[in-house]
Asker: 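The structure under discussion is supplied below as structure tokens; questions concerning it will follow.
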Amino acid sequence: MPELPEVETTINGLKTKVLSRTFVDVWSDWKKTIKKPKDFEQFKKELKGKKIKNIWRRAKNIIFDLSDNYSILVHQKMTGHLLYGTWNMEHGIWIPVGKGPLNDPYNRFLHLIFFFDNGKMMALSDVRKFAKVELWKTEELKKELDKIGPEPLEKGFTFEKFEEALKNKKGRIKQILMNPEVIAGIGNIYASEILWQAKIHPEKNVAKLNGKELESIYEATKRVLEIAVKLGGESFSDYRKPDGTKGDFDSERRVYKREGQKCARCGTKIKRIKFGGRSAFFCPVCQKL
DNA sequence: TGCAGTGTTGCTTC
DNA sequence: CGAAGCAACACTGC
């Protein structure tokens with residue numbers, strides 16, 4: 001999906017709804033989403049009867065800890081988002097029960113539905129079908145997740161930790177920020193936003209950043225992500241919260257997808273360049289190379 | 001009609 | 001060997 005703030009928002013929304021619920025069934029019309037175990041019937045068999053004990057986030061992964069020491073990992077990739085509600089199958093299409101946000105066009109692409117013991121459902125809407133779902137033994141999954149870089153919103157993420165993570169790294173700062181092995185959870189939107197806040201050019205070589213610049217990137221990273229979580233994530237793409245509504249980060253979005261618009265700081269036209277296969281948005285005047 | 005797109009991995013090229 | 005580029009996954013919206 002979407003990035004750290006959107007995943008965090010999804011978890012916050014689900015926590016109040018699905019904690020302590022037990023899975024009674026699963027439906028899918030795109031079984032390739034289930035990567036582990038690969039056989040969908042096997043997945044269903046193993047999942048049925050398991051209870052959700054905890055929900056948490058690591059990088060952009062959503063993890064449901066279940067009874068019997070199992071865990072589900074959901075990665076929403078580009079367009080996936082988890083919704084909570086009730087749907088009825090009518091003429092081969094899932095129709096949301098009741099009106100409102102669940103009728104949003106982006107909430108139509110349901111390819112996987114979990115059924116709970118209270119009659120409610122958790123659905124994965126995913127236009128591009130890149131999302132993945134895996135069932136793990138909790139201990140094995142934890143080992144896998146240890147390979148990911150530090151969590152920027154955790155208390156232990158000090159400036160020293162940040163410096164350490166960037167030490168000996170080569171390349172352009174934006175790509176380093178987006179590398180999950182360096183720092184967890186930052187993607188294309190927030191990398192651009194963070195660097196605008198920090199007044200650093202996205203192509204600046206990491207090795208050439210001085211202490212003061214590193215510090216402003218560190219501060220901006222925490223600040224931008226915290227604000228985005230508070231606002232419930234972005235709202236210009238097809239990301240939706242579990243209740244189907246949009247986040248409110250748009251009021252804080254300064255550069256991403258704002259090519260040609262005026263920089264909020266100096267009025268210069270925002271530029272878009274492409275490297276590393278992705279678009280970077282920035283102000284060519286107040287972000288220093 | 002053509003292109004760009006929130007993520008990640010793995011292959012190819014230099 | 002490392003860095004960088006690119007394809008793959010699949011589909012919609014502009």
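Quantities reported herein were computed from a predicted structural model and do not represent experimental measurements. All values below come from the heavy atoms of this structure, side chains included, with hydrogens, waters and symmetry mates left out. Residue numbering restarts at 1 for every chain, and letters A, B, ... go by the order of the sequence lines.
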Asker: Enumerate the residue pairs fulfilling salt bridge (charged side-chain N to carboxylate O under 4.0 Å, His left out) with a member in residues 27-47 of chain A, sequence neighbours excluded, ordered by first and then second residue.
Answerer: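 As it turns out, the salt bridge (charged side-chain N to carboxylate O under 4.0 Å, His left out) pairs with a partner in residues 27-47 of chain A, which skip direct neighbours, are D25(A)-K44(A).
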Asker: Would you tabulate the side-chain donor-acceptor contacts of residues 178-191 of chain A under 3.5 Å, counting partners in other chains and residues two or more places apart, or write 'none'?
Answerer:
| residue | atom | partner | partner atom | Å |
| --- | --- | --- | --- | --- |
| N179(A) | OD1 | E181(A) | N | 2.9 |
| N188(A) | OD1 | K174(A) | NZ | 2.6 |
| N188(A) | ND2 | S279(A) | O | 3.1 |
| Y190(A) | OH | E6(A) | OE2 | 2.6 |

Asker: So, K60(A) and E3(A), do they make that salt bridge, N to O below 4.0 Å?
Answerer: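 Not counted as a salt bridge, because no side-chain N and carboxylate O are separated by less than 4.0 Å.
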Asker: Take atom CG of N179(A) and atom P of dG7(B), then tell me their distance rounded to the nearest Å.
Answerer: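 Whole-Å distance recorded here is 13 Å.
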Asker: Extract all donor-acceptor atom pairs below 3.5 Å that involve side chains of residues 212-222 of chain A and protein atoms in other chains or at least two apart in sequence.
Answerer:
| residue | atom | partner | partner atom | Å |
| --- | --- | --- | --- | --- |
| E213(A) | OE1 | N210(A) | N | 2.9 |
| E213(A) | OE2 | K204(A) | NZ | 3.4 |
| S216(A) | OG | K212(A) | O | 3.3 |
| S216(A) | OG | E213(A) | O | 2.9 |
| Y218(A) | OH | F157(A) | O | 2.7 |
| Y218(A) | OH | F159(A) | N | 3.3 |
| Y218(A) | OH | K222(A) | NZ | 3.2 |
| T221(A) | OG1 | I217(A) | O | 2.7 |

Asker: Scan residues 194-207 of chain A against DNA chain B and write down, sorted by residue number, each residue with any heavy atom closer than 4.0 Å; if none is found, say none.
Answerer: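 The answer is none.
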Asker: Using only heavy-atom distances, determine whether the side chains of D65(A) and S71(A) contain a donor-acceptor pair under 3.5 Å.
Answerer: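 The answer is yes; a qualifying pair exists.
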Asker: From CD of E181(A) over to P of dG7(B), roughly how many Å is that when rounded to an integer?
Answerer: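 It is 16 Å, rounded to the nearest whole Å.
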Asker: Applying salt bridge (charged side-chain N to carboxylate O under 4.0 Å, His left out) as the test, list every pair that has at least one member in residues 103-126 of chain A; sequence neighbours left out.
Answerer: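 Residue pairs with at least one partner in residues 103-126 of chain A: R21(A)-D117(A), D104(A)-R240(A).
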Asker: In the hydrophobic cluster built from side-chain contacts under 4.5 Å, what are the other members alongside M121(A)?
Answerer: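 So far as hydrophobic clustering goes, M121(A) is joined with V24(A), W27(A), L83(A), W87(A), M89(A), W94(A), L102(A), L110(A), I113(A), F115(A).
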Asker: Taking only nitrogen or oxygen atoms into account, show me every contact under 3.5 Å that the protein makes with nucleotides 10-12 of chain C, one pair per line with its distance.
Answerer:
| residue | atom | partner | partner atom | Å |
| --- | --- | --- | --- | --- |
| dA10(C) | OP1 | K32(A) | NZ | 2.3 |
| dA10(C) | O4' | R128(A) | O | 3.1 |
| dA10(C) | N1 | R128(A) | NE | 3.3 |
| dA10(C) | N1 | R128(A) | NH2 | 2.8 |
| dA10(C) | N3 | R128(A) | NE | 3.3 |
| dC11(C) | OP1 | K129(A) | NZ | 2.4 |

Asker: Write down the protein N/O and nucleotide N/O pairs, taken from nucleotides 11-14 of chain B, whose separation is under 3.5 Å; answer none if there are no such pairs.
Answerer:
none

Asker: If hydrophobic residues (ILVMFWY) are linked whenever their side-chain heavy atoms come closer than 4.5 Å, directly or via other members, who joins I273(A) in its cluster?
Answerer: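 ILVMFWY cluster around I273(A) also holds F275(A), F282(A).
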Asker: Between protein and nucleic acid, restricted to nucleotides 5-8 of chain C and to nitrogen or oxygen atoms under 3.5 Å apart, what atom pairs and distances do you find?
Answerer:
| residue | atom | partner | partner atom | Å |
| --- | --- | --- | --- | --- |
| dG5(C) | OP2 | R172(A) | NH2 | 3.1 |

Asker: From CZ of R278(A) over to C1' of dG7(B), roughly how many Å is that when rounded to an integer?
Answerer: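 Roughly 6 Å, once rounded to whole Å.
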Asker: Select base, sugar-phosphate, or nothing to describe what K274(A) touches, counting heavy atoms under 4.0 Å on all strands.
Answerer: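 Sugar-phosphate: the residue K274(A), judged by heavy atoms under 4.0 Å, touches backbone atoms but no base.
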Asker: Do NZ/NE/NH1/NH2 and the carboxylate oxygens of E252(A) and R254(A) come within less than 4.0 Å?
Answerer: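 Result for this pair is yes, salt bridge flagged.
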Asker: Using atom NZ of K35(A) as one end and atom P of dC9(C) as the other, report the distance to the nearest whole Å.
Answerer: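 Computing the K35(A):NZ to dC9(C):P distance gives 11 Å.
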Asker: Quick one: list whatever passes salt bridge (Lys or Arg N to Asp or Glu O under 4.0 Å) with E259(A), sequence neighbours left out.
Answerer: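 Counting only residues at least two positions away or on another chain, E259(A) forms a salt bridge (Lys or Arg N to Asp or Glu O under 4.0 Å) with R272(A).
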Asker: What verdict does the salt bridge (Lys or Arg N to Asp or Glu O under 4.0 Å) test give for D146(A) and K143(A), after you've listed the backbone C-alpha separation in whole Å, the side-chain angles of each residue and the deciding distance to 0.1 Å?
Answerer: CA-CA 5 Å; D146(A) 278 346; K143(A) 269 183 234 159; over 6 Å; no
Asker: Please, what dot-bracket string fits DNA chain B when only Watson-Crick and G-U pairs with both distances under 3.5 Å count, crossing ones use [ ] and pairs to another strand use |?
Answerer: .||||.||||||||
